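Labels below follow one simple rule: chain letters A, B, ... track the order of the sequence lines, proteins then strands, and each chain is numbered from 1. All values derive from a computational prediction rather than experimental measurement. FYI, side chains are in, hydrogens and waters are out, and symmetry mates aren't considered; it's all heavy atoms of this structure.
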Amino acid sequence: MNHWLIAPIALPLLGGILQTFMGYAPISLRRTLAIATTALILASSLVLLSLANDGSYRIYAFGNWQPPFGIVLVLDRLAALMLVLTSTLAMFAHIFSIGGSDEGNRQFHTLFLFQLMGLNIAFLTGDLFNLFVAFEVLLIASYGLLMHGGGTIRTVPGLHYVVLNLAGSAIFLIAVGMIYSVTGTLNMADLAVKIPQVTGEGLDLVKAGAMMLLVVFGLKAAILPLCFWLPQAYAKATAPVAALFAVMTKVGIYAIIRVYILIFGENAGELAHLGMDWLFPLALITLAMGVIGALGADNLKTLISWQVVISVGTLLAPIALGSEPGLSAALFYLLSTTWTVAGLFLVAELIAVQRGSARDRIITAPKMQHRTFLSVLFMLGAVAAAGLPPLSGFFGKVLILKSVEPGPQMAWLWSVLLIGSFLSVVAYSRAGSIVFWRTVDGHLEKPEPMKGVVSVSAGALIALTIVIVFLAGPINAYTEATAAQLFDTAAYTEILQTPMAAEND
Amino acid sequence: MSLPLVVLLPFLGAIAAPLFAQGGRTAIAIASSIPPLIALAALFPHWATLADGGVVLHSYEWLPAIGISLSFRLDGLALMFALLILIIGVLIILYARYYLKPSENVGKFYSLLLCFMGSMLGIVLSGNLLLMLIFWELTSLTSFLLISFWTHKQDARRGARMALAVTGGGGLALLAGILIIGNIVGSFELDDVLAAGELIKAHTMYPVALTLVLLGAFTKSAQFPFHFWLPHAMQAPTPVSAYLHSATMVKAGVFLLARLYPALAGTEQWFYMVSFTGMATLLIGAYTAMFKHDLKGLLAHSTVSHLGLITLLFGMGTKLAAVAALFHVINHATFKASLFMAAGIIDHETGTRDMRRINGLWRYMPHTATLAMVAASSMAGVPLLNGFLSKEMFFAESLELNLPGFWAWIPPIVATLAGIFAVAYSARFVHDVFFNGKPVNLPIYPPHEPPRYMKIPVEILVFACVMVGVFPAISVGPLLFSAAQATLGGDVPDYQLAVMHGINLPLMMSVAAFVGGLLMYSQRQRFFRFHARFKEIDEKAVFEAIVSRFADLANRFTALIENNSLQRYVMLLVASVVAVAAAPLINLGIFIGDNGLTPVDWPTAISAAILVIAALATAVIHRERFTALVLLSVVGLIVALAFARFSAPDLAMTQLSVEVVTMVLLMLALYYMPSWTPLETSKARRTRDIILALVAGAGMTLVTLAILTQPFSSISEFFLENSKPGGGGTNVVNVILVDFRGFDTLGEISVLAIAALSIYAMLKNTALTPPPGDGQGHTWSREPHPLMLKQIARPMLPMALMVSAYIFLRGHNMPGGGFIAGLITSVALVVQYIASGMNWTQDRVRIKYHNVIGLGLLFATVAGAGSLAFGYPFLTTTFGYITWPVVGKFEVASALVFDLGVYLAVIGATMLILVSIGRLSPHSAIKSPRRNS
Amino acid sequence: MSAFAEYTISALLLLGGAFTLVGAIGLARLPDFFTRLHGPTKATTVGVGAIMLSSVIYFSSHGHSIGISEILITVFLLMTAPVSANMLAKAAMHMGVKSMDNTQGNPWDQ
Amino acid sequence: MMTTALYLTIAMVMVAALLNVYRLIKGPEAPDRVLALDTLYINAIAMIILLGITLGSRMYLEAALLIAVMGFVSTVAMAKYLKRGSVIE
Amino acid sequence: MLDRLSFPQPWLSLILFSTWQFLSDGISGASLVMGLVLAWLIPQLTQGFWPERPAFVKAWRMPVFLLIVLWDILIASFSVAKLILSPRQPHPAFICYPLQLDHPLAISILASTISLTPGTVSADISDDNKMLLIHALDATNDQEVIDAIHKRYEKPLLEMFQ
Amino acid sequence: MELIFALVIGALTTSGVYLLLRARTFPVVMGLTLLSYGVNLFLFASGRLSAGQQPIIGSTEIYADPLPQALVLTAIVIGFAMTAFVVVLSLRNLADNEDDHVDGCPPVKPADNKQEQEETGK
Ligand code: NA
Ligand code: NA
């Protein structure tokens, strides 16, 4: 059993524990250790990526208990991809935070690391209830992070976010109960085996449970009509937190991919492709709503928050269609959009800092410092987000467009996606030209100096969109392999036969 | 290799150029002109191949998944455009050197200009449609930045955004079109696409594909009805206008028409869409140009009109028309670029572009005037100039179109009419600017000739006009021929480029155009008056208004839906659940499984009744908060009893302890809150909520009923079998928690820990002032710590600790364990706080709760990690029975250490939470960071 | 199990049940808060005590060791019941809860 | 015979519980409700013990102990809230 | 360092030790050791929470006292039951009882005793610990009640404490 | 018996959902608590009901399904943590907005909206 698999979970756990003891240690020390931890997490995720790339499944059975009885971590290409996506993003967001946004709350780094732990558990776990626990870990940490930074602006959005997610957790438990009460198991592989054998009233119960599960994941992923908590919450969060949150909605999407391809996929007999007929139209409406929100946004962070919603719609539409190319395309786009949006959140903060009282609102303000640098970053991000060439967003969208089979669905997806891109171009150009170019005379009350780490991390995150373009070939190869692996559910269920470590004497 | 280089060079230049900005305008101009010159040099070697209809192709794989490859393809058509782009590009660079002021950001300017040049070359040299599209959109972006070069000008910003919106949007349509074509052909390689013309035209998706592609072309080439963006792009510096909006970018659209001619042209749809769009554009442009008082405005609209002409020619679908179109592309580029430069010079020297003020410049700048007049004549189609030749061909083709009956007359008439306008506005350009009396208060007076070198580009271009006009065959013959070859895919019709084709109908049309045009110009005041009746609409303002309106609507709409009402969001969530679960549950109905119902026993029934009453009562009288709280704890108590009744002692105990802590928590909060909830929601709303709640409840009831009566088997057999032998404990629940599913537990105590830490952080700087009384008119009592309570609290703590130890140690085999023990200890501590107060207790609790939490997590983790040393996975437990002399035989289980971690974490978290809230109380004077709170 | 044990157990059970009921009746029907306070503090406590005792006897007669838990619980109840009563009385007096008209003397409130 | 006694006792305890709930809902004053809750807790102890006897299992005694403790704590907390407002200060 | 090894509250340690023997099924070596450990450890942790020592003088009288009280409790319950079930309205009274005890523990023991015994609940103790407010469920004469309490409970306590 | 249990869960859900839909933080918190009671009982029920079959090896012959019990135990503790957090958050809400409405201030003010729009140079 390969112990690398717990690294992405054990590292943040230990790092987090260490931080709790260091409540009154000098901030420099806490920062160093925290960043070091995140760096190690990134390193370990890369190791796991290289492991997973051979296309096999690796499992880690906690307590050396044979699945389905014990909890197992399962490493496959998808999990590795999500880990790298997250830890890369986290790395830059974390570096950004030591620019000063981690001050005011000694628990920031603890929460940040526990957030990562929750995320990594969610990506690795092969157990449905453990997925619930993972969600709770990352949620409670996110609550804390969302409230980080003090002030009164975050309270109400935070409250909404928390209450909705608590209700969501309740629904999750009900769903788990329904599924367990019929199948008598919690292990995903085992479920994939058992679900096709369900008959009679059991079908209704499982179906209801699974649909409720979809609602929960939809809430996390922010699908219409469950997306309205997001813009305020993300827009009000401190920059590095918002950046990290860019990955939060993707957890919901990950869960949908995992559960609804593995357990309720095409081999699920009566329950095959459950709920996907709901998902496709909702995804498109979500996309449209996101575009409208972006068009109407009156500050950059809200605009970017709606961009999150847009990307959720864009991602789920092809996933709902359930084709292998579609999934591969979605994964490619996932990588691009998550980093881009996160980078944009950071850039928006840099801009806000430079514009005094105007902050990031899309209004006329005195000419800002570092305008060229910031405008270039913003433009790169905007182009990537809107999906214009030559940046990564474009390739993602082209892949998605190409993945659809001709037919009414193609017509819908194409028109919504393309018109959406067009309108986002309008929105971004409008926002950018007002923020950067429409300046009034007069100067800011003491323009703050731009810290090195901060601008570097923001720039680096944005620059990833270019990196993706250059690595497009290999990345796409990987996502294709991932999609293929995901659709080969039989291979996944074989983890149930993995031998455990030899019994001791 | 050389073709990618040609495209790459300008981009490299773009990166390099700003470095020379320090060296002054000359330095940077020279630096910037080097890449295009090398590129030119790199192109010439290929001429031999192209001359005999060959094609140069350099292709490299990039993203086979998308079908996009780095393939660059040079043929006659590409060469023709590439030469235009490069040669005019160099001239513009030279020209801009003098046009720009030293104060301006020349680095940015040249960098962007070269970027644009590179993108443009990319379009014409791409051998892969998707690659071409990338460059296509790049030109949109770069031109956006070039038009808005003077960012302080609002008109510039708006014009730029409009251009971006229109051309960028068109690009997206083009993308769709290209994807469809690629889908039909199965490849995006230009060669494959051009070869598959018949296949494409036969395909059912052809109409869609064509429409989308044409959308791209028309938006880029400012065809009606998308022509409005072009005149507003004139806010750009004149070199930009000259380059982008006469010679190159706007030609990208027509280039696309030529490029895909073999693949798409030759159908009814093509004919009608392209030719009629062209015709409309031709007329509207020509007509509007006439009335523009802005020098550049006039040129812009004439450009629109000429682009219409070219489009119309391509639309006609005859081979000769295509040739004429290509020919006119060259001619228009030359004379229009020179005219723009001239206009720029005039603007530069007089400080205005308003023709009503600019008069009689002939006297001040004869040299420039001459050049401008020659170019203008070419625009008007005066013989011996290149404009004349292509226009003659156009007139000829307009006659060749054999439309049915009356329709046959339309094209020639339109052509002549456009000719008349063209002559008229050209005449105006000449007369109104260089003659027509004296200048009217010019900002710069007296104007004089520009610097010598500023005129060189104009001279070169005008020379070209003349050369082509007089010796067409020699000057552009071969180039045009190979371009035609490339466009028409092989067989080129025989045509001769002669200055005169004798007296024929086209010539007559030209004559008519001349006479008419001059007549019209002489009567211009009438036309102006006539035109003035219709009020000028500023498309820029309209566009801006539309965008703002949309943004405003979007904002309103968003605010309407996303109205920050938690009640709505929760309602949506619940409703969604109901919606998705409805179908299966209705299908399920009231279902009693094979196990059937077991007989009711009355004590349980009564307890259940109490629970139901309490639960519903809580909801009903919830506005009376304390009472609701009391009822809530009744519910909690009965739930605990239920767990006990249905064989879950551990759950019963956990539920009990958690419930009490929760109650204390709620009372701590209630202290600061109003003790009554106002009645504010409408009756309708409450009814809706009640219905929703009832539906949800009913659903849960049905599901539970079905589940409880269904027989089932689960993986739990395994736990029951292996708990003792494998886990070393007889309390299976506890063994599951610390062993089988210890990882869940680890996550769960982390949750508890994080919650506590963030609560502490959240309340750190929170100040709350409690209300003076309980809201029923009683102010709070002053007596803090009643004697009897204090006295009972003393012995309670040690006893509780012992009980905790008892519950903890037996937990592995009997009901109990870390959680419950931890909660008991916490509750005992809480009693101390209640009885003796915060300060008193804090003084005696010597450890920081943060560290207790940390220790708890650490113990649990370390206990789990121990197994790694023996090569077993994380959280693998071990246990054994040790026998000591006095002590005797007893069990040691590593799981116990894990459970100890749980115990500590629970205490630390619970206490930190309660203390953090208690600290808010004005009575507790603890603020020093030395202590926990 | 010996007949004697069974009799004792039954008697204790019934006694306990009766007292519990009486306490509840008192709570339900006595006129004011202060009089209601008496029922639970005495009768109910005793009632539960009796039931505990029966349980002790029951299980020890079934061969289990003497159940200390029951004893502990009973002791705990006897120790805490007065304190709860005291706390509640204080609260009631502070809130000026009405005592029945024929009550002699007055409650305090500090 | 013992079973009969057991059932009678259970019956009496359940009736007692119902009476407590009646008082709890009727009030009229908050202290009455808390008093009723306290009594209900004590009844719950009785129920658990009786359950234990019925099932012949001692597994639930600790639960009874906990009810005793928790009942006391919550009563005290509520009483203090009613009188003093701040439970922990 | 030695005080770490001592038993700061011997009585408490004794009680803890013996209770533990009962709790752990059957007295074994393990239970003895564990009991010893707890009897030492717990007071070490909690002594701070029990500042004022119970100043017993004649502790052996305690059991006797407790037995009396227990008996009274039984009687009390019956009389209360009678009152509760009888149709006639009770004659309650608030009675101020002047305290002679001054040790807080002693006072609260007395108060508890009163609450558990015939028809009386100790409702409150004055701030200066000099007065005890008693609510009698059915009192004909205050003085009788006061004397009874003093004779039966406060006296023995006075002897036991200080 | 099953029906009674089902009805209990139904009642808890109903009350919980209704309170969850209220406009003030305190009822919402109580709603969440009630709901979680219902959910815990439901999750527990997924292992079916039984009396006197506590999963303590050796204490009886047949045992109740221990897994749901373990899950519920986890759920209870997590639920407690979450409740505590939301309680404190509502205190923060109270402190920041001098009001315990879930949206900060009782009526949604369209006025704010408008004035923001004026600011955003549209
Ligand atoms: Na003029
Ligand atoms: Na004039």
> In terms of heavy-atom pairs under 4.5 Å, which option from Thr13(F), Ile4(F), Thr14(F) contacts chain B the most?
Replying inline: Thr14(F)

> Highest number of heavy-atom pairs under 4.5 Å with chain F: which of Arg741(B), Met700(B), Met571(B), Glu717(B)?
Replying inline: Met700(B)

>> Would you say that more than 12 heavy atoms from the other residues, nucleotides or ligands in this model lie under 6.0 Å from the CG of Leu679(B), or not?
In response: yes

>> If only side-chain N and O atoms count, and only distance matters, is there a donor-acceptor pair under 3.5 Å linking Thr709(B) with Asn595(B)?
In response: no

> What part of Val8(F) lies closer than 4.5 angstrom to a heavy atom of chain B: side chain, backbone, both or neither?
Replying inline: both

> Looking at Arg623(B), Lys724(B), Glu544(B), Glu659(B), which one has more heavy-atom pairs under 4.5 Å with chain F than the rest?
Replying inline: Glu659(B)

> Using non-hydrogen atoms only, which part of Ile690(B) is less than 4.5 Å away from chain F: side chain, backbone, both, or neither?
Replying inline: both

>> Looking only at side-chain N and O atoms, does Ser714(B) offer a donor or acceptor that is under 3.5 Å from a partner on Asp65(F)?
In response: yes

> Looking at Val87(F), Val102(F), Leu94(F), Leu71(F), which one has more heavy-atom pairs under 4.5 Å with chain B than the rest?
Replying inline: Leu94(F)

>> Quick check on Phe44(F) against chain B: is it the side chain, the backbone, both or neither that has a heavy atom closer than 4.5 Å?
In response: side chain

> Below 4.0 angstrom, N of the basic side chain to O of the carboxylate: do Asp103(F) and Arg568(B) qualify?
Replying inline: no

>> Quick check for you: among Ile749(B), Val906(B), Val751(B), which has the greatest number of heavy-atom pairs under 4.5 Å with chain F?
In response: Val751(B)

> Quick one: of Asp689(B), Val600(B), Val547(B), who has the most non-hydrogen atom pairs under 4.5 Å with chain F?
Replying inline: Asp689(B)

>> Can you tell me which portion of Tyr672(B) sits under 4.5 Å from chain F's heavy atoms? Options are side chain, backbone, both or neither.
In response: both

>> Out of Thr618(B), Val732(B), Thr598(B), return the one with the most heavy atom pairs under 4.5 angstrom to chain F.
In response: Thr598(B)

> Quick one: what part of Leu7(F) sits under 4.5 Å from any heavy atom of chain B, side chain, backbone, both or neither?
Replying inline: both

> Among side-chain atoms of Arg625(B) and Thr677(B), is any donor-acceptor pair under 3.5 angstrom?
Replying inline: yes

> By a 4.5 Å heavy-atom criterion (distance strictly below it), what part of Leu19(F) contacts chain B: side chain, backbone, both, or neither?
Replying inline: side chain

> Yes or no on side chain to side chain donor-acceptor pair (under 3.5 Å) for Thr60(F) and Gln54(F), after CA distance, side-chain angles and deciding distance?
Replying inline: CA-CA 8 Å; Thr60(F) 72; Gln54(F) 56 283 347; 5.3 Å; no

>> Please classify the contact between Ser90(F) and chain B as side chain, backbone, both or neither, with a heavy-atom cut-off of under 4.5 Å.
In response: both

>> Looking at chain B, which one of Phe26(F), Tyr63(F), Phe80(F) has the largest number of heavy-atom pairs inside 4.5 Å, strictly under?
In response: Phe26(F)

> So which of Leu651(B), Thr654(B), Leu670(B), Val612(B) has the largest heavy-atom pair count under 4.5 angstrom toward chain F?
Replying inline: Leu651(B)

>> Only pairs of heavy atoms separated by less than 4.5 Å count here; which of Ala64(F), Ala23(F), Pro68(F) has the most with chain B?
In response: Ala23(F)

> Quick one: do the Asn731(B) and Asp650(B) side chains pair a donor with an acceptor below 3.5 Å?
Replying inline: yes

>> Taking atom CZ as the centre, does Phe550(B) end up with more than 12 heavy-atom neighbours from other residues, nucleotides or ligands that are less than 6.0 angstrom away?
In response: no

>> So for Tyr18(F), is it side chain, backbone, both, or neither that comes closer than 4.5 Å to the heavy atoms of chain B?
In response: both

> Among side-chain atoms of Thr558(B) and Asn555(B), is any donor-acceptor pair under 3.5 angstrom?
Replying inline: no

>> Taking the basic N atoms (NZ, or NE/NH1/NH2) and the acidic carboxylate oxygens, is any pair closer than 4.0 Å for Asp552(B) and Arg549(B)?
In response: yes

> Which of the residues Tyr37(F), Phe85(F), Phe42(F) is involved in the greatest number of heavy-atom pairs with chain B at under 4.5 angstrom?
Replying inline: Tyr37(F)

> Which of the residues Val77(F), Thr83(F), Ile78(F), Thr33(F) is involved in the greatest number of heavy-atom pairs with chain B at under 4.5 angstrom?
Replying inline: Val77(F)

